[in-house]
Amino acid sequence: MTVMFLVLPIALLVSAAAVFAFLWSARSGQLDDLDTPPLRVLKDEVRSPTNEER
Amino acid sequence: MIAALANLLLSPPASGVTSSLESGCAHCGAKLPAGPLRDDEGHAFCCAGCATVFAAIQTAGLGAFYDGRDALRDGAVPARPSGRRFAELDAPELARGFEAHEDGTLSAELALEGVHCAACVWLVERLPLVLRGVQDARLDFARSLVTVRFDPSLTKLSAVGSALDRWGYTPHAADSVGVTEKTDRALLMRLGVAGAVAGNVMLMALALYSGAGRGADADYATYFRYGSLILSLPSLLYSAQVFFRGAWASIRARVPSMDLPIAIGISAGFSSGAFNTLVGRGEIYFDTITTLIFLLLVGRWLGQKQKLRAASAADFAQALAPATARLVEGEERHEVRAATVEVGALLEVLPGERIPVDGRIERGASLLDTRLLTGESTPVEVKPGDRVYAGTENAGTAFLLLAERVGRGTRVAELVRSMEAAQRERAPIVRTADRLSAAFVVAVLLLAFATVVIWWSVDPALAVDHAVALLVVTCPCALGMATPLAVSVALARAARRGLLVKNGETLEALARPAHLVFDKSGTLTVGRPELIDWQGTPELGRRVSAAERGGDHPLARAFCRAFAGPSLELQNVNRMPGAGVRAKVDGHEISIGTPELMRASGVDIAPSIEERVRGHAAAGSTPVLVAEDGVVAGVAAFGDALRPDAAATLRELEKLSSSITVLSGDHPLVVERVCKDLPVREARGAVSPEEKLAAVRARIARGEPVIMIGDGVNDAAAMSAATVGFAVHGGAEASLLAASVFATAPGVKPVLEAIRGARATLHAIQRGLAFSLIYNAVGVALAMTGQLSPLVAAVMMPLSSLTVLTSALRSRAFVAPPPLEDKSS
């Protein structure tokens with residue numbers, strides 16, 4: 001059971017990494033709009049001559 | 001440029017459109033009128049607006065918009081491209097708010113009207129394909145906010161604006177409608193940390209509860225206790241800050257708030273837990289405390305999300321369109337912002353436009369719709385030299401106007417100022433939960449004190465332990481969540497039903513029996529003249545309607561609405577402004593006009609008809625005579641007609657409120673006629689905006705809550721002074737600013753729906769509060785008798801929150817019955 005003294009800090013470090021990943025994504029605005037991105041993938045791109053023009 | 005691009009693009013086959021040919025408008029899906037507009041390919045449209053937008057989208061090669069679009073919901077809204085140039089979007093003070101990028105491009109935000117499905121996201125984000133200089137367009141669907149990145153050397157924001165307008169999405173500068181408020185990322189971050197901490201502390205608590213560290217393994221117990229303490233610190237110091245700050249503010253402002261008992265419970269539990277960890281004995285409450293913080297933050301976050309969504313609804317934006325004016329310089333017309341117009345400037349006002357400034361008519365005669373400013377339902381005729389006011393609408397023909405008073409000097413600005421003053425003076429609404437919290441704090445502290453006193457004689461250490469247990473278990477988790485949960489559920493459902501409620505406080509105020517004050521024009525009535533009485537054959541009516549078709553007089557249009565039918569053969573149409581129309585329809589000589597016109601043209605008017613005409617005039621409606629082949633064959637009366645659902649709705653509302661009053665700026669005779677069959681206690685006409693405000697204030701001063709329902713600038717001040725201001729669909733900008741509830745559906749039905757929904761919500765709140773108080777009472781009893789173990793506390797707390805959550809979600813607020821179809825619009 002002494003392994004607990006080692007395993008617990010490691011587990012906490014892993015979850016700390018997850019928390020920091022969450023904080024980063026929240027801070028950079030990725031979680032601001034949760035409604036539009038799922039709608040965005042529903043339609044295919046149109047190919048248009050104007051793309052080549054530019 | 002756009003035209004050149006459009007020519008390069010081939011219109012794709014418009015599949016998916018053909019199926020909608022039969023069912024509705026090819027653009028918006030709305031029901032088609034009897035003789036729908038058709039384009040060259042046979043697509044049918046409900047109106048010219050939709051046809052224009054359809055053509056614009058097809059020529060841009062983006063016809064795929066119509067493929068696999070969401071099944072159009074019942075709320076199909078016809079497109080109304082305004083054709084404006086959106087000069088106001090190029091204003092230099094607006095440009096300061098743009099985000100500048102390194103490559104010289106700018107990012108600007110625009111609030112859009114008319115965004116309703118996934119296809120809209122797709123279409124709006126194709127903007128770079130049709131407009132050179134636009135690099136990127138990103139639409140935030142929930143907030144109807146598009147972020148456009150453009151190169152200022154190639155295009156201007158006004159060009160972006162008119163391109164979006166051509167597709168039927170009318171844009172507004174985002175900061176002018178107050179939607180730039182960002183979601184609070186900080187709160188989400190606090191929530192994330194609190195959740196992670198709560199989960200991990202719970203795991204260690206599980207080990208402790210299940211017996212780890214008993215007896216020989218005491219080292220483990222110490223280890224887990226210290227581990228929980230350290231792990232709880234971020235939650236307490238970072239996440240829970242919200243509550244400590246709120247508690248401190250509530251102490252300083254001496255306003256009760258739920259944050260205070262929360263802060264007391266958290267700090268008592270944590271400090272005693274920390275102390276017990278250091279001395280190595282007694283209970284720690286870290287698991288309960290961290291879970292508590294997490295759940296409370298969830299409630300708070302949900303509440304805030306709803307608030308943002310309600311505040312950002314683009315329907316608000318629609319009404320807050322900045323006024324523009326058309327400046328006349330020689331032969332040229334320039335669109336400028338109304339605020340920049342100077343006294344003495346010559347302006348042109350086209351039919352259907354709002355007058356931007358106060359002034360005098362220089363050239364041209366027309367009809368003015370002054371409903372929003374004065375409440376009068378009948379359009380007023382104006383001629384050169386007449387004074388006209390900003391905010392009134394040109395219902396006739398184009399005229400030229402000399403600006404006399406502009407900006408803050410106008411009558412409408414004056415009314416808006418009195419509205420703002422009334423808003424500042426209004427007493428805030430106190431939430432049920434907050435009102436409860438003052439008593440709650442006192443009760444809990446007294447009980448804790450009593451516990452200490454009772455147990456002191458037994459064991460001082462035990463006394464403190466039990467008191468702390470009491471403080472922790474009474475920490476109002478469920479109590480703090482009950483209101484935000486019920487409110488956020490209700491606000492979301494209400495918004496889906498076209499009712500935008502500003503906040504939970506408003507919802508609670510709506511639920512209490514109040515005195516209802518209605519405006520008449522546009523609220524109880526349609527707000528435009530309708531045919532309310534017709535003496536004559538339906539066949540004659542159809543002939544009259546044929547003769548009046550194409551006339552832009554409001555009465556002519558009312559005739560056409562009343563008698564729709566196939567067009568008849570029409571000859572020698574002669575329109576006499578201000579008097580009537582003469583035409584040959586199907587071989588019959590028809591003349592329509594005022595009794596004066598009839599007399600002047602030598603038509604005999606029988607005494608019985610004379611009497612009928614006088615009767616109509618006495619009832620406040622406008623009589624019109626119809627002569628067929630030189631003989632008077634029909635008498636029509638026009639007036640402000642009651643909305644079809646108004647009478648039934650008002651009878652329902654009467655049961656829910658203390659009394660109903662109608663205050664209108666319209667002619668007393670009209671008010672009397674409209675209200676004679678309604679269950680109103682008092683109906684007054686010719687009431688000025690100031691008198692409306694005074695009437696509302698008088699009731700408020702007597703302690704009676706007032707709900708003011710209106711749509712015009714003349715109601716705005718009274719609406720802001722009222723407990724709840726309720727703006728109905730189609731209102732003026734100022735009335736929306738004054739309102740705390742806004743209905744996107746026309747009529748008075750939404751008022752009934754809002755009050756019923758608010759009642760149901762209040763019940764849900766009260767049910768939640770009752771549940772959590774029962775839990776607290778049980779907790780107090782256990783704690784005071786020394787029976788409360790930390791395990792019981794840890795189980796009780798989330799259980800009570802779960803009960804409250806279920807109760808909030810099961811609330812029937814704003815779900816039944818289905819919306820009534822309003823046939824008046």
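Predicted model only: the values in this text are computed from it and were never measured. Proteins come first, then strands; the chains are lettered A, B, ... in the order of their sequence lines, and each starts at number 1.
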Does any heavy atom of chain A fall under 4.5 Å from the side chain of B/Leu203, the backbone, both, or neither of them?
neither
Would you say that A/Phe22 contacts B/Val193 through its side chain, given a criterion of any heavy-atom pair below 4.5 Å between the two side chains?
no
With a 4.5 angstrom heavy-atom cut-off, could you sort out which part of B/Asn200 is near chain A: side chain, backbone, both or neither?
side chain
Students often mix this up, so state it plainly: with edges at 30° and 60°, are the rings of B/Tyr220 and A/Phe5 parallel, tilted or perpendicular?
parallel
If you check every heavy atom in residues 8-17 of chain A against those of chain B, which residues fall under 4.5 Å?
A/Leu8, A/Pro9, A/Leu12, A/Ser15
Heavy-atom nearest pair, A/Ala26 first then B/Arg185, reads O-CD, 3.2 Å
